[in-house]
Amino acid sequence: MDVIVLQLFNGFSVSSILLLIALGLAITFGLMKVINMAHGELIMIGAYSAYVVQNLFLSYMPSSMFNWYFIAAIPFSFIVAFLIGLLLEATLIRFLYGRPLDSLLATWGIGLMLQQLARTIFGAPNVGVTSPSWLNGGMTIMGDVVLPYKRLFIIALVCLCLVAMYVYIYRSHSGRRMRAVMQNREMAACLGISTRRVDAMTFAIGSGIAGIAGCALTLMGPIGPSIGTYYIVDAFMVVVLGGVGKLIGTVFGALGIGLSNTVFEYWTTASLGKVLVFLCIVAFLQWKPMGLVAMRSRSLD
Amino acid sequence: MRKNVWKSVSLLLIALCIVITGCSSDNKEKTNAGTDGGANTASDGEIKVGILHSLSGTMAISEVSVKEAEMMAIDEINAKGGVLGKKLVPVVEDGASDWPTFAEKARKLISEDGVATVFGGWTSASRKAMLPVFEELNGLLWYPVQYEGLEASPNIFYTGATTNQQIVPAVTWLLQNRGKTFFLLGSDYVFPRTANKIIKEQLKAEGGELVGEEYTPLGHTDYATIISKIKAAKPDVVFNTLNGDSNVAFFKQLKDAGITAKDMTTLSVSVAEEEIRGIGVDVLEGHLAAWNYYQSTDTPENKTFVENYKKKYGADRVTADPIEAGYDAVYLWAAAVEKAGSTDVAKVKEAAKGLEWDAPEGKIKIDGDNQHIYKTVRIGEVQADGQFKELWNSGDPVKPDPYLKGYDWAGSLSAGN
Amino acid sequence: MHKRLMSRQRLWLLAGYAAAATALFCAPLFLSDFRLNLLAKFLAFAIVALGLDLIWGYTGILSLGHGVFFGLGGYAMAMYLKLEASGGRLPDFMDWSGLSALPWFWKPFSSFGFAFAAGILLPALLALVLGYFTFRNRIKGVYFTILTQALVIITVTLFIGQQAFTGGTNGITGYGKLFGQSLASPDTKQMLYWVTVIALIAAYALCRFLVKSRFGKVLRAIRDGENRVRFIGYNPAIYQMVAFSISAGLAGLAGMLFVLHVGIISPSMMGIVPSIEMVLWVAIGGRGTLIGAALGAILLNSAKSVFSESYPDAWLFFMGLLFVIVVVFLPKGAAGLLGQFKWLRRRRAKHGEGDGVHYPAV
């Protein structure tokens with residue numbers, strides 16, 4: 001029984017991490033159709049931002065404040081990744097709208113450069129981020145089951161990001177403009193929306209969320225120049241399985257992959273579990289080629 | 001329109017230049033780079049040596065530091081007047097964490113650049129990829145990392161530990177001091193699988209018990225399920241052969257699950273000072289590792305080595321076992337060349353037999369038969385300052401035994417050789 | 001007017017072929033053994049690029065899984081070489097991994113003919129099976145692309161995990177002889193170079209024949225409007241399957257040649273990164289033109305060699321920059337440069353342009 005509860009929790013935790021890394025991509029790829037291979041590197045930038053904030057706190061703040069660096073690191077990571085996203089959009093991505101496969105090519109190049117840049121600035125070895133002490137330990141339930149605070153924190157963070165994104169996209173003026181441009185660019189432009197500005201904002205927000213993901217992942221995993229490569233494929237799988245273009249699809253996609261991964265991994269081994277999950281994805285897409293939540297469209301080509 | 005034509009023509013020209021240089025650069029050297037492994041290319045008072053590590057890709061996190069230590073050794077030797085009165089000129093190549101690239105670059109270093117020797121490699125896979133090239137062209141490779149043994153190529157010197165200088169004594173020590181039940185956790189590749197095969201034989205022979213064995217894909221970053229399995233198995237010892245980045249995820253998540261060094265012993269064979277910095281001391285404190293060298297190892301040579309390394313690459317940098325082994329390799333090769341009076345591969349190999357040197361880790365000696373190194377085994381515990389405290393050492397340097405011929409229980413492992 | 005242009009264009013084309021042929025045939029005269037070996041490897045890559053171009057440039061299906069087909073071909077050849085090198089004994093890695101007898105599926109690979117056939121047919125068959133399910137279910141565009149990535153992950157994880165049967169991460173290496181000839185000797189190397197040149201020319205001829213035939217016209221029609229082709233009465237799935245499977249077979253052939261040149265095959269050659277790189281060769285060379293794809297493979301790999309040898313610490317900057325510049329300034333790749341000349345542009349216009357890959361309407 002303990003094991004079942006723990007594994008269920010682990011399943012949700014893995015899903016939340018997957019969702020976090022895929023959320024940004026759900027915007028840049030799902031909404032904007034930019035195959036952003038540099039998404040992993042934006043996650044890496046978020047992780048390094050957390051590292052920088054930690055070091056700033058160590059150098060310039062009283063040690064009693066150190067525990068709160070993480071609270072400062074989350075918005076900082078968002079802003080750094082946001083700005084880099086803005087820069088990328090302005091210098092490169094905007095030439096590539098409507099050419100998704102060219103965007104794959106160019107962002108792959110950008111990813112290579114960002115990796116090498118991180119290596120030049122921070123050195124090739126991994127860097128360490130000490131997690132704040134208030135996130136150490138866990139909640140003990142039912143005697144022997146420990147739910148780590150960090151995993152709970154990430155679940156909460158994901159929920160927060162989701163709510164914020166929902167409010168932004170579906171309940172704010174700029175979100176409405178964003179949806180308008182993504183659905184029908186010409187019509188939106190005719191109605192006086194500055195599509196340039198909306199594009200830039202959308203891409204930057206997607207990047208910024210990748211930054212938050214990177215920051216949160218410092219709690220669980222390594223921080224090094226090539227960590228982006230570990231997450232990028234999973235992120236694409238989540239978005240595609242969920243159905244391109246729908247936020248709720250991404251949530252289901254992450255839950256599906258996360259839960260099945262935990263189950264398979266427990267039953268078999270980590271390697272075999274991974275193979276089984278991907279086989280399931282392949283099989284599932286045969287059945288529902290457009291993903292879990294498909295956009296309905298009457299158009300053919 | 002005209003502008004476009006010019007643009008195209010110039011771009012085409014650039015492309016053409018790239019192809020031409022790509023296929024023909026250095027072909028002047030074609031004549032002097034024979035199949036003798038470039039042993040006689042020491043001209044103009046210079047000796048070229050190759051350095052071949054992953055400077056990009058996932059393995060760069062570990063290998064760049066080894067490259068830096070080797071460069072430092074070369075600079076030091078040059079400052080003292082070089083080898084045979086000639087300056088050493090390093091030719092650096094990037095293996096890019098890709099095994100065929102290692103083979104290609106090794107071939108390039110030997111047959112195009114005519115280097116006298118190559119220092120390089122980290123993963124077993126990269127060594128296995130380079131091995132046929134070195135044997136074919138009769139080159140010389142110095143491989144600086146602990147590995148799974150069961151190999152002794154005549155063209156490779158192994159300056160890292162083989163299994164009987166790291167894993168086997170560590171298991172014996174754990175059985176005597178920490179408990180009988182073992183959980184084996186490793187990344188899914190050759191070193192952990194072979195190491196665990198050896199450990200399983202040894203546990204059978206020495207009265208230990210195996211309660212679990214798990215492998216995770218390279219780059220795996222979520223250990224929640226594995227940790228559940230460990231919790232269910234309740235082992236005395238987790239013997240950890242995870243590689244690189246996976247260690248970070250594993251230890252961080254282990255601590256979150258409420259397991260500390262006090263509850264359960266974890267001994268790692270791929271976590272050194274450098275990795276501690278990336279994982280975080282708060283997470284690792286109290287866990288064990290088995291190596292031949294620690295930054296804290298107390299020898300006069302090590303004091304100078306650590307001081308110089310920090311001076312050269314930054315006060316926040318640390319040294320570690322593979323870094324030291326890479327540094328040793330350069331000095332051992334230089335000593336062998338001095339002794340042989342030539343960079344010829346056969347002569348250097350002959351001269352290297354039984355060669356001794358006072359390394360930062362203490363006295364080391366090259367074994368004449370299998371070209372491994374006599375090394376002292378050390379088990380250390382991670383301290384709050386990110387350094388190791390030595391809990392046990394083997395006293396004298398241990399004779400390398402890559403095929404474990406000196407162990408009765410290992411008979412089945414090396415049967416085919 | 002038109003006729004004169006055409007003849008001039010033919011002249012240029014012929015001159016181009018002649019120049020390429022001369023370069024290929026003269027290369028052994030002025031390249032060192034190492035560089036010749038490198039060039040031979042690039043030529044093998046060019047064969048993959050041709051296959052990819054067939055499926056991407058002409059049919060509009062982007063596969064990020066050609067590393068798998070390439071790897072399967074490579075493994076088939078490596079298995080033969082390894083058995084040959086072990087000379088009746090168990091290959092060394094099986095010994096370490098605790099196998100005591102040769103697995104049944106290894107046994108037929110002791111015959112060169114079988115290994116060679118398997119190296120082409122196995123990838124082709126896998127592609128056919130995958131294609132059968134996906135194309136019949138009308139999975140296209142980015143969904144297909146992601147599926148092929150899943151295929152890569154599955155295969156790589158399996159190959160790494162089954163160390164006893166596949167050599168794990170190390171892959172299969174440590175063999176030196178083909179038909180009793182040392183692979184290392186300069187004579188064999190030169191021989192292998194010629195074999196690769198012939199294979200490349202044959203692959204080029206095959207692709208060109210396919211592209212010029214009615215089959216090729218249907219492929220292009222599928223690329224430009226799959227549903228319209230369906231409405232006319234064709235079954236696009238069959239055409240896509242065949243094209244995909246030919247393309248995979250070519251990748252397998254290239255993989256076999258690669259093993260002969262490099263002497264190692266490992267799962268790292270099947271992974272996501274090499275698969276994407278293969279697509280980059282085609283994109284940089286120019287998709288939709290066969291010569292461009294082949295050129296792209298040679299060009300990009302040369303660039304990689306040059307940059308990584310000259311600037312081992314910073315070559316990734318140059319590569320990244322190269323991709324970005326090509327995409328922004330030369331969206332049609334190196335072959336697109338030629339298209340900027342007036343007389344070629346006219347010819348281009350007839351073929352129609354466009355990205356070639358469909359994305360679901362949002």
Side-chain angles (χ1 to χ4, degrees), chain B residues 1 4-5 7-9 11-12 15 18-27 29-30 33 35 55-57 92-94 96-105 107-108 111-112 123-125 128-129 131-133 135-137 148 150 188-190 193-194 197 215 217-218 412-413 415-417, chain C residues 27 30-39 41-42 89-90 92-93 95-98 157 160-161 163 167-171 173-176 182-184 258 262-266 268-269 273-274 298-299 301-306 308-310 312-313 315-316 329-330 334 337-338 340-342:
Chain B
M1 194 60 229
N4 267 341
V5 171
K7 197 170 83 179
S8 342
V9 168
L11 277 166
L12 261 183
I18 292 175
V19 172
I20 290 171
T21 46
C23 290
S24 66
S25 66
D26 302 357
N27 79 46
E29 289 176 32
K30 181 185 176 182
T35 44
L55 310 180
S56 60
V92 182
E93 286 286 352
D94 179 10
S97 311
D98 177 55
W99 326 142
T101 305
F102 269 97
E104 178 198 317
K105 296 295 184 190
R107 189 177 290 279
K108 185 235 166 202
S111 63
E112 290 288 296
T123 56
S124 285
K128 289 273 184 214
L131 186 144
V133 176
E135 291 190 348
E136 170 196 327
L137 301 172
E148 72 277 3
L150 305 180
D188 200 352
Y189 73 109
V190 177
R193 282 192 178 269
T194 315
K197 210 179 120 195
Y215 298 94
L218 288 165
S412 66
L413 294 168
N417 300 285
Chain C
F30 58 87
L31 288 185
S32 69
D33 289 341
F34 170 73
R35 296 290 162 189
L36 189 67
N37 186 235
L38 218 54
L39 181 62
K41 188 174 89 177
F42 298 165
R89 299 220 329 251
L90 206 58
D92 48 9
F93 64 85
D95 202 22
W96 308 326
S97 316
T157 318
I160 291 178
Q163 189 190 315
T169 18
N170 282 7
T173 180
Y175 32 77
S182 165
L183 281 175
F258 173 85
V262 180
I264 176 174
I265 186 77
S266 78
S268 72
M269 275 314 292
V273 174
I298 299 170
L299 208 70
N301 282 294
S302 309
K304 197 172 160 182
S305 268
V306 172
S308 72
E309 279 170 21
S310 321
D313 291 313
W315 65 280
L316 280 179
F329 293 107
L330 303 170
L337 276 177
L338 299 169
Q340 293 196 342
F341 291 97
K342 202 175 175 185

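Just so it is clear, the structure is predicted and the values come from calculations on it, not from any experiment. Chain A is the first sequence line, chain B the second, and so forth, proteins listed ahead of strands; every chain is numbered from 1.
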(request) Against chain B, label C:Y175 side chain, backbone, both or neither, depending on which of its atoms sit under 4.5 Å from a heavy atom there. (result) neither
(request) Check whether B:Y215 gets within reach of chain C through its side chain, its backbone, both or neither, counting any heavy atom under 4.5 Å. (result) neither
(message) Tell me the closest heavy-atom pair linking B:K128 and C:T173, and the distance in Å.
(response) O-CG2, 3.4 Å
(message) Give me the atom names and distance for the closest heavy-atom approach of C:L316 to B:S56.
(response) CD1-CB, 3.5 Å
(message) Which atoms of C:I160 are under 4.5 Å from chain B, going by heavy atoms: the side chain, the backbone, both sets, or neither?
(response) both
(message) Quick check on the interface: out of B:A96, B:P100, B:S97, B:G57, who has the most heavy-atom pairs with chain C under 4.5 Å?
(response) B:P100
(request) Return the option, out of C:G263, C:G174, C:G161, C:S310, with the maximum number of heavy-atom pairs under 4.5 Å with chain B. (result) C:G161
(request) Pick one of side chain, backbone, both or neither for C:N301, based on which atoms fall under 4.5 Å of a heavy atom in chain B. (result) neither
(message) Checking side-chain polar atoms at under 3.5 Å, does C:S308 have a donor or acceptor matched by the opposite partner on B:K105?
(response) yes
(message) So for B:L131, is it side chain, backbone, both, or neither that comes closer than 4.5 Å to the heavy atoms of chain C?
(response) neither
(message) Nearest 0.5 angstrom please: C:S268 OG to B:F102 CZ, how far?
(response) 10.5 Å
(message) To the nearest 0.5 Å, what is the distance between OG1 on C:T169 and CZ on B:R193?
(response) 9.5 Å
(request) Please round to the nearest 0.5 Å and tell me the distance separating atom CD of B:E112 and atom CD of C:E309. (result) 8.0 Å
(message) Are C:V262 and B:E104 packed together at the side-chain level, in the sense that at least one heavy-atom pair is separated by less than 4.5 angstrom?
(response) no
(message) Quick check: closest heavy atoms across C:I264 and B:A129, and the distance to 0.1 Å?
(response) CD1-CB, 3.3 Å
